[in-house]
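Here the structure is a predicted model, which is why all the values come from computation and not from measurement.
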Amino acid sequence: MRLKFPILIYVITFSLLVNCAAPSERPQDYDTQGGLNYEKCLTSIRIFADVLLEYGRDTYGKINTPMFLSMLDLKTRQRITQKDPNWERDYDHEDYMLNARGSNLYRDTETIRAFYKLTQLTGDSTYHRAADAYLSAFLEKCVSPTTGLFAWGEHIFYHVLRDTVEANRHEVEIPLPLVQELWEVDPQKVQRYADAIYDYHIYDKTTFDYDRHGNYTTGKFDDPDVRGTWIKHSGLFTYIFLVAYTRTGEPKYLDWARKMTHVFWDRRNKHTNLVVDLPQYSTNPVCSQNLLLSTYLIEASQVYRDDFILNCGLAYMKSVGTYAHNPDDTTFFQELLIATGKPASTQQQYIWSPWELTPRAGRAALIAANLSGDDWFLDLAKTYALYMHKSSIPPLVSPGALGEGIRFYVALYNATSEMRYLEWARQVARHALENYFENGLIKESSDGYIYSAKSGAGNLALGMLELYETENALPIHWQVPREIASGEKTVPFCIQLTDASVLGVRYQFGDQAWQQLNFEPKASSHFSFNISIPEEIKNNRLRFRLEIPNSKQSNHKLTISDSVIIDDDLNGPQFSRLDYDAYVCSGNSALIQISIEDMNSVKSATLSYAHGKGERMRVKPFSVHGSTYQFKVPRRRIR
C-alpha cells in the first residue's frame with residue numbers, strides 16, 4: 001500500500017463535567033465469563049454464515065454458482081449497485097464497483113476456514129458442504145485453461161453478472177492461500193497451479209527472481225522495468241511449493257521451495273540478517289517487510305519442516321524482533337536500516353492496520369517457539385502482546401485486524417495459560433460484537449454501510465470461533481452483570497462447574513479488604529448466590545476471584561479474576577463516535593468531530609491533543625448544546 005500523505009497521530013482526551021442522574025432502573029444484562037458472553041461468539045458467526053448462504057451467493061447473471069459475492073449492502077443484503085459514502089477510503093477504490101460485481105476466493109480465504117470450523121464446533125455439515133461447493137465452483141470457473149493460474153487475489157476476480165473471469169493479472173495476497181483445502185477437491189488442478197507459479201512468475205530459473213504478478217491468460221512476463229520481486233510473495237510461493245511436495249512427494253517442489261527462500265536469504269546483510277523489500281531495484285537500504293516473510297516461512301514449516309527454510313524464518317524473526325524493539329516504551333519500529341538494524345524512521349510497527357503485522361508475527365513466534373524449542377520466541381510473542389494491549393484500538397479499524405488480534409491473544413493464552421491474554425482477547429471480541437455486526441453481516445468498519453470480504457470479515461469470524469472454542473473448554477464459567485448501578489443492593493452470580501470439588505470466591509470493593517465466600521458443591525454443577533454492595537461504594541469496581549483449589553487440569557490452584565463496574569449512572573454520558581482524518585498534510589488543519597450520548601448529564605467538555613510526542617495542547621472549553629461537536633486543530637508542522 002502506498003500512502004499519499006504522512007501520518008499524523010493525535011492523542012485526544014475529553015473531560016466532562018457531569019450532572020449525575022438518579023440510578024436507572026433497567027433489566028439485568030447478564031454476560032458470561034467475566035463480562036463476555038462467549039456463546040455470542042458462536043451464535044453471531046453462525047448467523048453471519050447463514051446470511052451469507054441465503055443472500056451472499058452468486059445468484060446473478062445467466063449462470064448461478066455457490067461462490068460468495070465480495071460485497072453486500074448491509075440493509076438489503078444484496079449486491080452493491082452504487083458507491084457508498086465511504087468508498088474512497090479504500091486505497092484501490094478505483095476498482096470498487098468491479099469488486100462489487102465480483103467473487104474473489106482469496107478474499108474469502110478465512111471465511112472458508114471459518115465455515116469448516118463452524119461444522120467442527122456445531123456438528124452441522126451445512127457449512128462444510130457450502131465451503132466445498134464454493135471451492136469446487138471456483139476450480140470449475142476460475143482456473144485458466146492456458147496457464148493453470150487461479151483467478152483470485154489483488155487484481156482479478158469472477159464477474160457474477162458476466163459469468164466470466166474479469167482481468168488478467170494474478171497475484172496472491174496476505175493470508176496463506178487455500179491450496180491445502182483446494183487439494184482435497186481437485187489435486188490435479190492445484191498441482192498444476194503450483195507448476196504455474198514456477199512457469200509464469202519465476203522469470204529467471206537460475207536465480208529464481210520472480211515477478212509478483214503473472215498473466216492469467218497468456219503467462220507472458222511483464223516488461224523488466226515493471227517487474228517486482230516483492231518480499232512477501234517469496235514466503236507465499238514457498239508455502240505453495242511445500243504443500244505440493246507433501247502431497248506429491250516430487251523432489252522438484254522441495255527444490256523450488258529452497259531456491260525461492262534463497263532469493264532473499266542470499267541478498268541479506270550478513271551482519272544484521274536484514275534485506276530490502278525489493279532487492280533488484282531498490283537503492284533505499286531500508287527494510288519494512290522482513291517480519292512478514294518470516295511469518296510465511298515459519299508457517300510453511302508446519303506443512304513440511306525443512307531445516308534451511310525454517311532457520312531462515314527464525315533468523316529473520318529474531319533479527320527484526322531484536323533490532324526493531326524499543327525497550328524504553330515497549331514498542332517496535334516498522335522500518336530498519338539494513339546495514340545497522342537501527343530504525344530508519346519513527347514509524348511504529350503495524351498493529352491494527354495494514355497487514356496486521358504484529359499479531360500475525362506474534363502467532364508465528366509461537367509456532368517458532370514450538371518448532372525450535374527456543375523460548376526467546378515465546379518471550380517475543382509476549383512482548384508483542386503487551387505492545388498491542390498498550391495500543392488502543394483506533395476508530396474505523398478493519399474487522400480483519402480485530403480478528404487477527406483475537407487469534408493471537410487466544411493462541412498466546414493456549415500456549416501459556418496466562419489469563420490476561422484471554423481477557424485481552426475478550427476485550428477485542430466485545431468491541432467487535434458491539435460495533436461490527438449489523439443485520440447478520442460483518443461491516444467493513446464500525447461506521448460502514450457494506451459487507452466487504454476484502455476488509456477481513458472472515459478473519460474476524462475465525463477469531464471469534466477460536467475464542468469460543470477456548471472459552472468453552474474452560475472448567476468453570478460464570479454469569480455476572482458487567483455493570484451495577486450503585487443504588488442496587490446486590491450483585492447476583494451464577495456459576496457452572498465442569499471440573500471441581502471445592503469452589504472459593506474472593507471479592508473486594510474498591511480498596512477494602514478481600515472477603516471470602518466458600519461453599520460445598522451440590523449434586524448440580526450450577527450455583528447461584530448474591531454479594532451485598534455497601535452503600536458507600538460509588539464509581540468504583542467490585543473485584544472478584546474464582547478459585548478451584550484441586551482442579552484436575554493442573555497441580556496448582558486455578559484462579560480466574562475479573563471486576564464489575566459500579567457506577568452512579570449506567571446510561572451516560574458516553575462517547576459514541578470520534579471522527580477525524582486518518583491522514584493530514586503537514587501544515588493543514590485537522591477537523592475532529594465527536595458525538596456524545598445522554599446530553600442531559602453533560603454541562604461542558606474540553607479537548608486536548610498532541611502532535612506526535614509534542615507538548616499536549618488544549619482547545620478552549622465549550623458549552624454543550626447538542627449531541628455533535630466539531631473542532632479544528634490549528635496548523636502546525638508535523639514532527
Legend entry - Proximity of F150 and Y193 rings by center, below 6.0 Å: yes

Legend entry - L314 CG to S319 OG distance, which is reported to the nearest 0.5 Å: 12.5 Å

Inset, instruction - Identify which one of Q348, E404, Q334, Q349 satisfies the side chain to side chain donor-acceptor pair (under 3.5 Å) criterion when paired with T358. - result: Q349

Legend entry - F68 ring center within less than 6.0 Å of F115 ring center: yes

Legend entry - Pair Y384 and F332, ring centroids less than 6.0 Å apart: yes

Legend entry - Minimum side-chain heavy-atom gap Y210-H233 below 4.5 Å: yes

Inset, instruction - Just grab all the salt bridge (Lys or Arg N to Asp or Glu O under 4.0 Å) pairs involving residues 125-144, residues at least two apart or on different chains. - result: none

Inset, instruction - Assess whether atom NZ of K252 is packed by more than 12 heavy atoms of other residues, nucleotides or ligands within 6.0 Å. - result: yes

Legend entry - Centroid-centroid under 6.0 Å between F308 and H262 rings: yes

Legend entry - is_close_aromatic(F48, F437), centroid dist under 6.0 Å: no

Legend entry - Within-4.5 Å side-chain heavy-atom neighbours: V172 and W152: yes

Legend entry - Residues K117, E466: salt bridge by 4.0 Å N-O rule: no

Legend entry - From E469 atom CD to M464 atom CE, the distance as rounded to the nearest 0.5 Å: 14.5 Å

Legend entry - Shortest non-hydrogen contact between P66 and A133, atoms and distance: CG-O, 3.4 Å

Inset, instruction - Establish, for the pair K220 and Y200, whether the NZ or CZ atom is under 6.0 angstrom from the six-membered ring centre and no further than 45 degrees off its axis. - result: no

Inset, instruction - Answer yes or no for R227 and Y203: cation-pi contact, defined as NZ/CZ to six-membered ring centre under 6.0 Å and angle to ring axis within 45°. - result: yes

Legend entry - Check: H155 ring centroid to H170 ring centroid under 6.0 Å: no

Legend entry - Check: Y245 ring centre within less than 6.0 Å of Y304 ring centre: yes

Legend entry - Note, D306 side chain near L254 side chain (heavy atom, < 4.5 Å): yes

Legend entry - Check: Y296 and T238 side chains under 4.5 Å, non-hydrogen atoms: no

Inset, instruction - Would you indicate whether the side-chain heavy atoms of F264 and L293 approach each other to under 4.5 Å? - result: yes

Inset, instruction - Answer yes when R212 and E173 have at least one side-chain N-carboxylate O distance shorter than 4.0 Å, and no when they do not. - result: no

Legend entry - Exercise: identify the closest heavy-atom pair between A425 and V410: CB-CG2, 3.9 Å

Inset, instruction - Please identify each residue that fulfils side-chain contact (heavy atoms from CB on, under 4.5 Å) with K189, with sequence neighbours left out. - result: L139, V143, D186

Inset, instruction - Would you indicate whether the side-chain heavy atoms of I202 and D209 approach each other to under 4.5 Å? - result: no

Legend entry - Side-chain ion pair, D266 and R268, N-O less than 4.0 Å: no

Inset, instruction - State whether K259 and D255 are salt-bridged, where the test is any N-O pair (Lys NZ or Arg NE/NH1/NH2 against Asp/Glu carboxylate O) under 4.0 Å. - result: yes

Inset, instruction - For the pair R407 and E356, find out whether any cationic side-chain nitrogen is under 4.0 Å from an anionic carboxylate oxygen. - result: no

Inset, instruction - Walk me through it: do Y127 and Q120 pass the test side chain to side chain donor-acceptor pair (under 3.5 Å)? - result: CA-CA 9 Å; Y127 309 107; Q120 175 190 334; over 6 Å; no

Inset, instruction - Salt-bridge test for D58 and R79: reply yes if a basic N is under 4.0 Å from a carboxylate O, no otherwise. - result: no

Inset, instruction - Flag the pair D277 and K232 as a salt bridge only when some basic side-chain nitrogen lies within less than 4.0 angstrom of an acidic carboxylate oxygen. - result: no

Inset, instruction - Output the distance between atom OG1 (T470) and atom CG (N414), rounded to the nearest 0.5 Å. - result: 4.0 Å

Legend entry - Pair W424 and Y413, ring centroids less than 6.0 Å apart: no

Inset, instruction - Look up atom OG in S288 and atom CG in L278, then write down how far apart they are to the nearest 0.5 Å. - result: 10.5 Å

Inset, instruction - Identify, with sequence neighbours excluded, every residue that meets side-chain contact (heavy atoms from CB on, under 4.5 Å) alongside N472. - result: Y38, Y468

